[in-house]
Amino acid sequence: MQPAQEFGDNPVEVRETGHYTEEYVPSFVEKWDSLIDWEKRADSEGNFFIDLLRKWGVKSVLDVATGTGFHSVRLLAAGFDTVSADGSADMLAMAFENGTKQGGHILRVVQADWRWLNRDVHGEYDAIVCLGNSFTHLFSERDRRKALAEFYAMLKHDGILVLDQRNYDAILDDGYTSKHTYYYCGEDVTVEPEYVDEGLCRMRYHFPDDSVYHLNMFPLRKDYTRRLMSEVGFQRVQTYGDFQHTYRGEQPDFFIHVAEKEYRMDDPQEKEGRYKGAVSTARSYYNSPDADTFYATVWGGEDIHIGLYESPAEPIADASRRTVERMASKLELTRDSVVLDLGSGYGGSARYLAGTYDCRVIALNLSEVENQRHKELNAARALTDRIEVVDGSFEDIPYPDGQVDVVWSQDAFLHSGNRVQVLEEIARVLRPGGHLIFTDPMATADGGSADVLQPILDRIHLDDMGSPAFYMRELNRLGFTPVDGGFEEHREQLVNHYTRVLEETARQESEGLARKISHDYLAQMKKGLGHWIDGGREEHLTWGIFHFRLDTDD
């Protein structure tokens, strides 16, 4: 007879770190792959982890929660030098067997307890992955800290830890729901919590043959996990929800944390703390692989802002570049001009200005992913000496007073939760007589129509939007004078642009875009574009070019 799971007379009292090895009895291990469904899980996950590791230049990986080998096999197939560790000998035996079946891979397996990982596994790695909600098998904070410290010690100086967990915040606060899309994709298996409190989540697994198994796990809250990683020594922690950077707290089934070991002299933790609220959300969103791919391939490439269209079917890139040209034509730029581009994205505008007028451009942007692409494009066009790319937020511009001739921005201010502060920062860094020129998607009036705007605000995680009246009023208060009326409105172009982006999304989807971007991201993007189009057509939203000059002191 196969051994059965043993939880004693009172299963909910079993809250011990080492007990999980007894929970994975052979008969449960044999059924584990039917719970995962390798093929469906591969489809839902896509190349998220593979792309993430490649982005970090990873070559060697330690998979510390191998289970039956799903991620180890995928990593080996992708060319990563992978070592597979797990606390369960039965799981490792199944993983080794799966490796030979799934492409003839010979797994290097090691049975190890994370709390003494350096004793059982040797070497240093570019990345450690701890996936499958496995970290929640640790019940004491001491064990969690010890395991994270062991992970930290086995990483190279610039290595990363990738660790996932269920969204226990939602389970604890709102009850259990699951899209049943990620991780556990087997359709014939029922997975649900049988008991939950702040110290235990007892999951019940019911299989088609009516066999039932349980796992007792600690319900980690997201922010607690992030804090623990930081306190152990990881310099920066980014969190994804169901393979996306943008999410509402209650929506994802799983969180994926990416923790960096590398120590930077500019103190990444302090830098991280400078990004607050809506700005932090925008930074996370634009850093995500899905967003990066979408904006680079669908939204015009170099110029990721609203365009000025001369015909409904005009290419997005052509219309977007026309916006840059129209704005630049309003200025009198020379080689001596210093332009500060706020929210510079991939740098299309900065390259146009530097290349056309030979002016100096300071490109401030909060997405490190976009900034890296920006720098590469600048180098390819020999413009590195004219454009300085800076990581930072327009709510706290890292420059002294009165240093720039022009502040330029395109469709970026809406991402701020404190636009008054943004405008005050602009007034501070502009020299007297300097120009401010920018565009922004806005509500047509202060406050807007809550029922119409709410879906858009939810999508971009904001409480409100600016309006033409708001900008005119605040700029007047700060000592700005309108140039040529101050605001050149093009409400219809907002509708044109979002319509074209929606059309282009559908066209590229038919050509395989879903292989590059997650299904959920595309679904949410198309839904969001529809809201923007409706809001523009119903005249609740508008867009246009603002041009103001800062008054001189005399």
Side-chain angles (χ1 to χ4, degrees), residues 36-58 70-71 73-80 102-103 162 179-183 185 187 240-247 251-254 256 285-305 307 309 312-321 345-346 348 367 369-370 372-374 376-377 380 459 496-533:
I36 293 175
D37 193 323
W38 281 40
E39 184 175 349
K40 289 182 180 177
R41 183 164 177 177
D43 288 341
S44 70
E45 183 178 298
N47 286 327
F48 176 85
F49 291 112
I50 292 168
D51 290 344
L52 178 70
L53 295 175
R54 284 176 176 162
K55 169 189 152 186
W56 283 96
V58 167
F70 174 79
H71 284 108
V73 170
R74 294 204 78 198
L75 292 170
L76 284 167
F80 294 100
Q102 304 278 346
V162 184
K179 296 187 286 292
H180 205 55
T181 302
Y182 306 104
Y183 287 82
C185 301
E187 294 181 355
Y240 297 75
D242 286 346
F243 314 123
Q244 297 180 70
H245 238 307
T246 179
Y247 56 84
Q251 288 182 350
D253 284 344
F254 285 82
I256 302 103
Y285 172 73
Y286 285 110
N287 270 338
S288 71
D290 277 342
D292 182 46
T293 302
F294 184 84
Y295 284 92
T297 59
V298 179
W299 199 293
E302 293 190 38
D303 297 312
I304 51 175
H305 49 75
Y309 291 80
E314 186 173 16
I316 295 170
D318 293 353
S320 298
R321 178 46 54 94
Y346 297 129
S367 166
V369 172
E370 289 182 344
Q372 181 58 37
R373 189 191 295 269
H374 185 168
E376 291 168 358
L377 291 170
R459 167 67 179 164
N496 292 341
H497 187 79
Y498 284 100
T499 299
R500 282 293 295 116
V501 173
L502 186 58
E503 292 170 349
E504 183 65 15
T505 302
R507 185 188 71 79
Q508 292 200 30
E509 267 193 296
S510 69
E511 298 177 356
L513 183 64
R515 291 194 294 271
K516 304 175 183 177
I517 300 174
S518 71
H519 171 78
D520 274 9
Y521 180 91
L522 287 174
Q524 290 298 317
M525 175 58 75
K526 289 186 291 185
K527 183 178 179 181
L529 291 168
H531 290 316
W532 282 99
I533 294 166

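- Between the CZ atom of Arg500 and the OG1 atom of Thr505 there is a distance of 10.0 Å, given to the nearest 0.5 Å.
- Taking each heavy atom of Leu76 and Phe80 in turn, the nearest pair found is CD2-O, 3.7 Å.
- No side-chain heavy atom of Asp318 sits under 4.5 Å from any side-chain heavy atom of Tyr309.
- Rounding to the nearest 0.5 Å gives a distance of 5.0 Å between CG of Leu522 and CD of Glu509.
- For Arg321 (side chain) and Asp303 (main-chain N/O), no donor-acceptor pair under 3.5 Å exists by modelled atom type.
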Practice task
Using the side chain to side chain contact (heavy atoms under 4.5 Å, CB included) rule, take Ser320 and His497 through it: C-alpha gap first, then chi angles, then the decisive distance, then the call.
Solution key: CA-CA 9 Å; Ser320 298; His497 187 79; 3.8 Å; yes
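- A distance of 11.5 Å separates CG of Asn496 from CD1 of Ile316, quoted to the nearest 0.5 Å.
- Taking the side chain as every heavy atom from C-beta outward, Val369 and Lys55 approach each other to under 4.5 Å.
- Ionic pairing of Arg373 and Glu376 is not present here: no N-O contact between side-chain nitrogen and carboxylate oxygen is shorter than 4.0 angstrom.
- Taking CZ of Phe49 as the reference point, atom CG of Leu75 lies at 9.5 Å (rounded to 0.5 Å).
- Arg74 and Asn47 make their closest contact through NH2-OD1, 3.7 Å (heavy atoms, listed as atom of the first residue, atom of the second, distance).
- Atom OH of Tyr498 sits about 13.0 Å away from atom NE2 of His531, to the nearest 0.5 Å.
- Looking only at side-chain heavy atoms (C-beta outward), Ile304 and Glu370 come within less than 4.5 Å of each other.
- Residues Leu502 and Trp532 fail the side-chain proximity criterion, which asks for heavy atoms closer than 4.5 Å.
- The pair Arg507-Glu504 meets the salt-bridge criterion, with a side-chain N (NZ, NE, NH1 or NH2) lying under 4.0 Å from an Asp/Glu carboxylate O.
- Ring centroid separation for the pair Phe48 and Tyr240 comes in under the 6.0 Å cut-off.
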